[in-house]
Amino acid sequence: MNSIGLRIHGKKDLRVEQFELPEIKDDEILATVVSDTMCMSSWKLAQEGEDHKKTPDNLDKNPALVGHEFSGKILKVGKKWADKYQAGDDYAIQPNLARDDTPFVPGYSYPYIGGDATAIIIPNEVMALDCLVPFHGQAYYEGSLCEPLSCVIAAFEAQFHLIPHTYNHKMGIKANGNILMLGGTGPMGLLAIDYALHAGVKPKNLVVTDIDQSKLDRAKKLYPSDEVNVSFVNVNGLSVDEQKAKLKATVDGAGFDDIFCMISVPALVTMSGELLNPDGCLNQFAGPMHKDFTAQLNFYDVHYNFTHVAGTSGGNAQNEATAAQLIAERKVNVAKVITHVLGLNAAAETTLTQPEIGGGKKLVYSQKKFDRIELAKVDPESGLGKVLAKHNGLWSPEAEQWIMTNMPDISAEDTANI
């Protein structure tokens, strides 16, 4: 069986090309991919190529499929897994396989599994680690966004606070506390806002910062709340001391119990430590690009005020299952983070230029061929524009169906022109 996919051959060398899939083994599963949402981690992968910790050393000879936030339909099940999975089932993938012996994961390391492909082979280890998750939502883009939501869930669950008068920890954010999200209007920040407002344990105050007022305005419009006091704070041009004063003023001079750094800036990490309440927890959520990323932290506070530090990178299979359930039950609306949609033909260029494109999640329909569409600029009188208008400009199951019906399938001949 032939597949068409986006493969990485080296640094900044991404190619959409046709390749042959071998027959599946008894412990493998053959599947289609319908949708994949892009992550800045894929941009980092493209920059680093064979130097990335999750890629093989010989990408030039053994290219890997790109894309790790994907969803699709099972086509054929090897006999080992026939009692658990069936052809026709919809699925989502938790790519973080969390193994001790290898860093290899789908979307970075394998020749036959990645989200930017028409057909894939799911290897045995994905099922063995419960990372092939049944999905029962209304649209495939929802299945794709289970993975980024799982990262947010993992981060919230990794927070910890002391049980009074003990050194034992209670995991999770502090109930009815103050949360600060620095640089929190990107797609992961928006998912974190959504989760903070709708998870079982909620803060009293949620403060979100950015330097772009239009992004803050959009976030404020997307995430109103009657249960949590939400503040969107523009810190553009402010010194660190000015930021600290402004942020403390939003919570009546108090500090914060949980802080999520959604960007990697040393001065802001240091500031975060200074803004923590006693028994507060700082989570460096954004993955630094450089291995020598450091920041100052007051160890007097660590000793006497019980300052905690956490860092999370990806979710696990249980986080993915929780995300799938929250999305399927309509408790979290992941469509709010989607700002662009595209066909597989546009996946290479879009992956490489994500920082320049800006906006939120870029949603790839891996079976289709069409140029990247910015939702905010769609002609309101067009067919897609009319569908978007029915949903307040947001992506929706109806919009996905419009794409599946109206956009052409990608073909092998198309790859020659990409």
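Below, all heavy atoms of this structure are taken into account, side chains as well, without hydrogens, waters or symmetry copies.
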Item to complete: Taking atom NZ of Lys246 as the centre, report whether more than 12 heavy atoms of other residues, nucleotides or ligands fall under 6.0 Å from it.
Response: yes

Worksheet item: Do Gln296 and Pro266 have side-chain heavy atoms sitting under 4.5 Å apart?
Response: no

Item to complete: Carefully, step by step, assess Trp81 and Asp26 under the rule side-chain hydrogen bond (donor to acceptor under 3.5 Å, both in side chains).
Response: CA-CA 8 Å; Trp81 299 107; Asp26 289 344; over 6 Å; no

Fill in: Steps toward salt bridge (charged side-chain N to carboxylate O under 4.0 Å, His left out) verdict (Glu125, Arg99)
CA-CA 10 Å; Glu125 52 264 35; Arg99 294 175 290 176; 3.8 Å; yes

Discussion item. Check Glu28 with Lys76, please: is the shortest side-chain N to carboxylate O separation under 4.0 Å?
Written reply: no

Practice prompt. For residues Thr307 and Leu282, determine if any side-chain heavy atom of one lies less than 4.5 Å from a side-chain heavy atom of the other.
Written response: no

Practice prompt. Heavy atoms only: give me the nearest Ala154-Asn319 pair and the separation to one decimal.
Written response: CB-OD1, 3.3 Å

Practice prompt. Return the minimal non-hydrogen interatomic distance between Cys261 and Leu268, and the atom names on each side.
Written response: SG-O, 4.4 Å

Fill in: Pair Ile122-Tyr110, side-chain contact (heavy atoms from CB on, under 4.5 Å): steps then yes or no
CA-CA 10 Å; Ile122 306 174; Tyr110 288 86; over 6 Å; no

Fill in: Point-to-point distance, once rounded to the nearest 0.5 Å, from CG of Asp212 to CG of Asn234
8.0 Å

Worksheet item: Can you find a heavy atom in the side chain of Ser231 that is under 4.5 Å from one in the side chain of Val208?
Response: no

Worksheet item: In Å and rounded to the nearest 0.5 Å, what is the CE to CZ distance from Met1 to Phe19?
Response: 10.0 Å

Discussion item. Let me confirm one number: the CD-CG distance from Gln94 to Asp130, rounded to the nearest 0.5 Å.
Written reply: 11.5 Å

Worksheet item: Roughly how far, to the nearest 0.5 Å, is CD of Glu400 from CD of Glu398?
Response: 12.0 Å

Discussion item. ring-ring contact (aromatic ring centres under 6.0 Å, His included), that's the test. Do Tyr365 and Tyr140 meet it? Break it down for me.
Written reply: CA-CA 9 Å; Tyr365 282 102; Tyr140 287 100; 8.8 Å; no

Response to the item:
Cys146 and Ala324 have their tightest heavy-atom pair at SG-CA, 3.5 Å

Practice prompt. Please confirm whether the backbone N or O of Asp194 pairs with a side-chain atom of His198, one donor and one acceptor, at under 3.5 Å?
Written response: yes

Practice prompt. Report yes if the side chains of Val387 and Ser396 come closer than 4.5 Å at any heavy-atom pair, otherwise no.
Written response: yes

Discussion item. Does Leu375 form a side-chain contact (heavy atoms from CB on, under 4.5 Å) with Trp395? I'd like the steps, not just the answer.
Written reply: CA-CA 8 Å; Leu375 301 189; Trp395 203 243; 3.7 Å; yes

Worksheet item: Any luck finding a side-chain donor-acceptor pair between Asn178 and Asp257 under 3.5 Å?
Response: no

Worksheet entry | cation_pi(Lys170, Phe160) dist<6.0 Å, angle<=45 | no

Item to complete: Could you walk me through whether Ser239 and Gln243 pass side-chain hydrogen bond (donor to acceptor under 3.5 Å, both in side chains), step by step?
Response: CA-CA 6 Å; Ser239 68; Gln243 288 187 51; over 6 Å; no

Item to complete: Indicate yes or no: does Asp217 engage Lys215 in a salt bridge with an N to O separation below 4.0 Å.
Response: no

Fill in: Glu23 CD: over 12 foreign heavy atoms closer than 6.0 Å
no

Worksheet entry | Pair Ser71, Ser144: side-chain N/O donor-acceptor within cut-off below 3.5 Å | no

Worksheet entry | Single hit among Ile93, Val33, Leu75 for side-chain contact (heavy atoms from CB on, under 4.5 Å) with Ile120 | Val33

Item to complete: Please round to the nearest 0.5 Å and tell me the distance separating atom SG of Cys131 and atom CD of Glu320.
Response: 8.0 Å

Worksheet item: Hey, is CG on Asp101 packed in by over 12 heavy atoms from elsewhere, all under 6.0 Å?
Response: yes

Fill in: Glu349 vs Thr353, side-chain hydrogen bond (donor to acceptor under 3.5 Å, both in side chains): CA-CA, chis, key distance, verdict
CA-CA 6 Å; Glu349 184 270 337; Thr353 58; 3.2 Å; yes

Practice prompt. Check Ile410 against Ser366 and note the closest heavy-atom contact, atom names and distance.
Written response: CG2-O, 4.1 Å

Practice prompt. Could you tell me whether the side chain of Phe285 reaches within less than 4.5 Å of the side chain of Met181, counting heavy atoms only?
Written response: no

Discussion item. I'd like to know whether Leu132 forms a side-chain contact (heavy atoms from CB on, under 4.5 Å) with Lys84, so could you lay out the CA-CA distance, the side-chain angles of the two residues, the decisive distance to 0.1 Å, and finally the verdict.
Written reply: CA-CA 10 Å; Leu132 180 62; Lys84 187 171 182 179; over 6 Å; no

Worksheet item: Quick one: does Phe232's side chain get under 4.5 Å of Thr250's, heavy atoms only?
Response: no

Discussion item. Is there a side-chain contact (heavy atoms from CB on, under 4.5 Å) between Asp60 and His9? Walk through the geometry before answering.
Written reply: CA-CA 5 Å; Asp60 57 333; His9 291 256; 5.8 Å; no

Worksheet item: Are Ile259 and Ile179 side-chain neighbours, meaning at least one heavy-atom pair lies under 4.5 Å?
Response: no

Worksheet item: Do NZ/NE/NH1/NH2 and the carboxylate oxygens of Asp258 and Lys174 come within less than 4.0 Å?
Response: no

Worksheet item: Looking only at side chains, do Gln284 and Ser264 share a donor and an acceptor under 3.5 Å apart?
Response: yes

Worksheet item: Given side chains that start at C-beta, do those of Ser41 and Tyr108 come closer than 4.5 Å, heavy atoms only?
Response: yes

Worksheet entry | Nearest heavy atoms of Leu6 and Ala348, plus distance in Å | CD1-CB, 3.5 Å

Worksheet item: Are Asp90 and His136 close enough that a side-chain donor and a side-chain acceptor fall under 3.5 Å?
Response: no

Worksheet item: Is the count of non-hydrogen atoms from other residues, nucleotides or ligands lying under 6.0 Å from Asn2 atom CG greater than 12?
Response: yes

Discussion item. Keeping Lys11 on the side-chain end and Gln47 on the backbone end, is there a donor-acceptor pair under 3.5 Å?
Written reply: no

Discussion item. For a quick test of reading the model, state the closest non-hydrogen atom pair linking Lys368 to Ile403 and the distance between them.
Written reply: CE-O, 4.0 Å

Fill in: Euclidean distance, Asp210 CG relative to Arg218 CZ, rounded to 0.5 Å
12.5 Å

Practice prompt. Could you check Asn345 against Asp414 for side-chain hydrogen bond (donor to acceptor under 3.5 Å, both in side chains), going step by step and ending with a plain yes or no?
Written response: CA-CA 8 Å; Asn345 57 296; Asp414 295 323; over 6 Å; no

Worksheet item: For the side chain of Ser35 and the backbone of Val364, is there at least one donor-acceptor N/O pair under 3.5 Å apart?
Response: no

Discussion item. If we count only N and O atoms by modelled type, under 3.5 Å, do the side chains of Gln138 and Glu142 hold a donor and an acceptor together?
Written reply: no

Fill in: Exam field: side chain Thr270 to backbone Ala267, donor-acceptor pair closer than 3.5 Å
no

Discussion item. Within a 6.0 Å radius of atom NZ on Lys80, are there more than 12 heavy atoms belonging to other residues, nucleotides or ligands?
Written reply: yes

Fill in: Heavy-atom donor-acceptor pair, His340 side chain to Glu374 backbone, under 3.5 Å
no

Discussion item. Can you tell whether the side chains of Lys361 and Glu69 come within less than 4.0 Å, N to carboxylate O?
Written reply: yes

Worksheet item: Taking atom types as modelled and ignoring hydrogens, do the side chains of Ser411 and Glu413 form a donor-acceptor contact shorter than 3.5 angstrom?
Response: yes

Worksheet item: Is a donor on one side and an acceptor on the other found under 3.5 Å between the side chain of Ser150 and the backbone of Ala323?
Response: no

